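Notes follow once the structure below has been shown.
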Amino acid sequence: MTRLRVQWVEDSPPDDATFDLTGVTSTAYPATESVFAVGTDRPAARTCVIGGVVHGQADDDKTWDHYHDKYNAACLKIIARGWIQVHGFRCDNVEDGIKPQESSVNANDTQFFISGTHLTRIRDDCMENDYTVGGVLYDNLWEQCNTGISERPSRDRSWQTPESETLVLDHMLIGLYQTPHREDGKVVMGANALFKWSESGNRVVIKCSTFMVDAVSLNGTDAMAFPPGTVVDDSGCPDTPSTLVWLGGGAEYPAWAAGIRVVTDPGVWTAAVAAWKAAHGEVGAG
């Protein structure tokens with residue numbers, strides 16, 4: 001077992017490198033740099049990260065803007081050409097979860113495949129995909145996200161994402177997580193939404209996935225809509241279709257949900273989380 005209190009970084013990895021972080025646990029957050037970082041100086045071709053655990057030390061009583069303004073870092077930042085893979089990564093109590101990037105803005109030179117990751121108590125985006133990288137999210141439990149996935153380029157930038165580029169959510173579990181926010185001089189509890197989108201965002205395809213939203217977004221019902229053009233393909237799971245567990249009051253989800261089945265039973269979410277943990281050897285784990 002290796003325990004780290006400072007950032008782990010491979011800023012100029014070789015091509016075709018796999019970094020096995022199994023047995024490595026880091027407590028290097030709060031920080032201004034991402035806890036684990038690969039390819040930040042010279043992105044390589046085809047980079048893979050396996051394993052790794054982050055136990056962030058964020059204070060539950062401090063507000064979203066405190067961490068966003070002072071410690072805006074991710075559990076894992078990974079930049080590569082060709083493809084990015086992340087498998088079996090665990091992250092808890094950090095500003096952002098996973099942050100994939102292309103070699104430069106709108107380079108369209110990489111795709112990702114991310115599987116078997118478990119994220120909890122993420123104070124901003126479980127995936128900050130603001131370079132709008134296309135790819136597949138498969139069999140991940142993103143249990144507590146203040147925002148699920150962001151595809152909103154920073155600094156008012158925008159670009160045309162290729163029509164052929166998609167973001168596929170396949171057997172995904174994404175649940176929202178309320179944290180303290182400062183609004184109009186007061187501290188209020190709340191979350192943003194499953195998707196933080198823009199005109200630069202990818203076309204979304206959802207397969208056999210489960211979502212949980214427990215309140216109206218702090219940014220209003222418009223923010224709660226699924227990205228325009230989202231397609232739901234449950235051909236691989238006709239008996240257990242994609243489901244949105246809505247716990248914010250009333251039978252109807254208050255925004256466009258792409259035709260996904262909406263239920264109000266919290267047990268549906270609890271059972272899906274328990275099944276994922278059992279399948280991944282996390283029975284009894286937090």
Side-chain angles (χ1 to χ4, degrees), residues 2-11 19 21-40 49-79 84 86-101 112 114-131 133 137 140-152 154 172-182 189-196 218 273 277 280 282 285-286:
T2 300
R3 295 191 178 274
L4 303 176
R5 293 183 175 86
V6 296
Q7 182 196 40
W8 176 93
V9 59
E10 288 285 346
D11 55 5
F19 298 97
L21 301 179
T22 303
V24 178
T25 298
S26 177
T27 56
Y29 185 86
T32 57
E33 301 290 341
S34 296
V35 178
F36 295 108
V38 184
T40 51
V49 171
I50 299 172
V53 176
V54 176
H55 289 308
Q57 306 298 301
D59 184 342
D60 287 343
D61 293 328
K62 292 192 180 297
T63 60
W64 174 90
D65 48 290
H66 172 82
Y67 287 103
H68 186 267
D69 295 346
K70 294 184 177 181
Y71 305 108
N72 192 1
C75 288
L76 172 63
K77 181 177 181 177
I78 182 167
I79 310 174
I84 291 166
V86 179
H87 305 290
F89 185 70
R90 177 74 173 97
C91 176
D92 176 65
N93 204 18
V94 174
E95 172 70 7
D96 292 310
I98 300 170
K99 186 174 182 176
Q101 289 186 4
F112 59 72
I114 297 172
S115 72
T117 66
H118 184 189
L119 310 181
T120 48
R121 295 193 295 169
I122 303 301
R123 291 176 159 267
D124 197 16
D125 309 326
C126 269
M127 188 170 75
E128 185 183 294
N129 190 26
D130 290 346
Y131 276 58
V133 182
L137 301 171
N140 300 284
L141 171 57
W142 295 355
E143 192 172 355
Q144 295 170 311
C145 314
N146 206 251
T147 296
I149 301 170
S150 174
E151 289 202 1
R152 183 182 295 171
S154 61
M172 283 290 295
L173 284 78
I174 303 179
L176 294 191
Y177 167 59
Q178 297 188 38
T179 64
H181 293 246
R182 190 169 297 280
M189 293 297 293
N192 179 31
L194 293 168
F195 299 93
K196 184 198 303 179
L218 288 174
V273 170
K277 290 181 177 180
H280 291 265
E282 289 194 23

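Along the sequence shown, residues are numbered consecutively beginning with 1. Computed from a prediction, not measured in an experiment: that's the story for all the values here.
- Every residue was checked against the salt bridge (Lys or Arg N to Asp or Glu O under 4.0 Å) condition with Asp130, not counting sequence neighbours, and none meets it.
- Between atom OG1 of residue Thr179 and atom CG of residue Asn146 there is a gap of 3.5 Å, rounded to the nearest 0.5 Å.
- Note that CG of Leu194 and CD1 of Ile149 are 8.5 Å apart. Values are rounded to the nearest 0.5 Å.
- Summarising the geometry, atom NE2 belonging to His87 is positioned 4.5 Å from atom OG belonging to Ser115; distances are rounded to the nearest 0.5 Å.
- Val38 is not listed as a side-chain neighbour of Val9, based on a closest heavy-atom distance of 4.5 Å or more.
- The two residues Ala58 and Pro30 have their closest heavy-atom pair at N-CD, 4.5 Å.
- The main-chain N or O of Ser34 is found under 3.5 Å from a side-chain atom of Gln7 such that the two form a donor-acceptor pair.
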Full working for side chain to side chain contact (heavy atoms under 4.5 Å, CB included) between Asn140 and Leu173 = CA-CA 6 Å; Asn140 300 284; Leu173 284 78; over 6 Å; no
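- Using a 4.5 Å heavy-atom cutoff, the side chains of Ser26 and Val53 are not in contact.
- In this structure, Pro100 and Phe112 have side chains that are in contact, with non-hydrogen atoms separated by less than 4.5 Å.
- Applying the ring pair (Phe, Tyr, Trp, His ring centres under 6.0 Å) criterion to Phe19, with sequence neighbours excluded, gives Trp8.
- In this view, Thr25 satisfies the side-chain hydrogen bond (donor to acceptor under 3.5 Å, both in side chains) rule with no residue, not counting sequence neighbours.
- Residues satisfying the side-chain hydrogen bond (donor to acceptor under 3.5 Å, both in side chains) criterion with Thr32, sequence neighbours excluded, are absent altogether.
- Leu141 places none of its side-chain heavy atoms less than 4.5 Å from the side chain of Leu119.
- The minimum heavy-atom distance between Ala31 and Ala73, with the atom names listed, is O-CB, 3.5 Å.
- Between Asp96 and Asn72 the shortest heavy-atom distance is OD2-OD1, 3.2 Å.
- Classification of the Tyr71-Tyr67 ring pair by plane angle, with boundaries at 30° and 60°, yields tilted.
- Looking at Trp142 and His118, their side chains never come closer than 4.5 Å, going by heavy atoms from C-beta outward.
- Counting only N and O atoms by type, the side chains of Arg90 and Thr120 include a donor and acceptor under 3.5 Å apart.
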Would you please test Thr117 and Ile98 for side chain to side chain contact (heavy atoms under 4.5 Å, CB included) and show each step?
-> CA-CA 10 Å; Thr117 66; Ile98 300 170; 4.1 Å; yes
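- Across all their heavy atoms, Gly51 and Phe89 have their closest contact at O-CD1, 3.2 Å.
- By the salt bridge (Lys or Arg N to Asp or Glu O under 4.0 Å) test, Glu95 pairs with no residue at all, sequence neighbours left out.
- Every side-chain hydrogen bond (donor to acceptor under 3.5 Å, both in side chains) that Thr147 has, sequence neighbours left out, goes to Asn192.
- Between Tyr29 and Val35, the shortest heavy-atom contact is CB-CG2, 4.0 Å.
- Not a single salt bridge (Lys or Arg N to Asp or Glu O under 4.0 Å) links Asp61 to another residue, sequence neighbours left out.
- Atom CE of Met127 is separated from atom CD1 of Ile114 by 5.5 Å, given to the nearest 0.5 angstrom.
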Go through Val94 and Val54 one step at a time and tell me if the side chain to side chain contact (heavy atoms under 4.5 Å, CB included) criterion holds.
-> CA-CA 8 Å; Val94 174; Val54 176; 3.7 Å; yes
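- At a threshold of 4.5 Å between non-hydrogen side-chain atoms, the residues Cys126 and Ile174 do not count as touching.
- A search for salt bridge (Lys or Arg N to Asp or Glu O under 4.0 Å) contacts involving Lys77 returns nothing, not counting sequence neighbours.
- Remark: Leu218 engages His181, Glu183, Val188 in a side chain to side chain contact (heavy atoms under 4.5 Å, CB included) (not counting sequence neighbours).
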Verdict with reasoning, Leu76 to Val86, per side chain to side chain contact (heavy atoms under 4.5 Å, CB included) = CA-CA 9 Å; Leu76 172 63; Val86 179; 3.8 Å; yes
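- A heavy-atom distance below 4.5 Å is found between the side chains of Ile78 and Val49.
- Qualifying side-chain hydrogen bond (donor to acceptor under 3.5 Å, both in side chains) partners for Thr2, counting only residues two or more places apart in sequence or in other chains: none.
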May I have the step-by-step check of salt bridge (Lys or Arg N to Asp or Glu O under 4.0 Å) for Arg152 and Glu128, ending in yes or no?
-> CA-CA 9 Å; Arg152 183 182 295 171; Glu128 185 183 294; over 6 Å; no
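- One distance of note links OG1 of Thr27 with CG of Asn93; it measures 11.5 Å at 0.5 Å rounding.
- Counting only heavy atoms from C-beta outward, the side chains of Phe36 and Val24 approach each other to under 4.5 Å.
- Residue pairs meeting the salt bridge (charged side-chain N to carboxylate O under 4.0 Å, His left out) criterion with at least one partner in residues 114-126, sequence neighbours excluded, are Asp60-Arg121, Asp60-Arg123, Asp92-Arg121, Asp124-Lys196, Asp125-Lys196.
- Remark: His55 engages no residue in a ring pair (Phe, Tyr, Trp, His ring centres under 6.0 Å) (not counting sequence neighbours).
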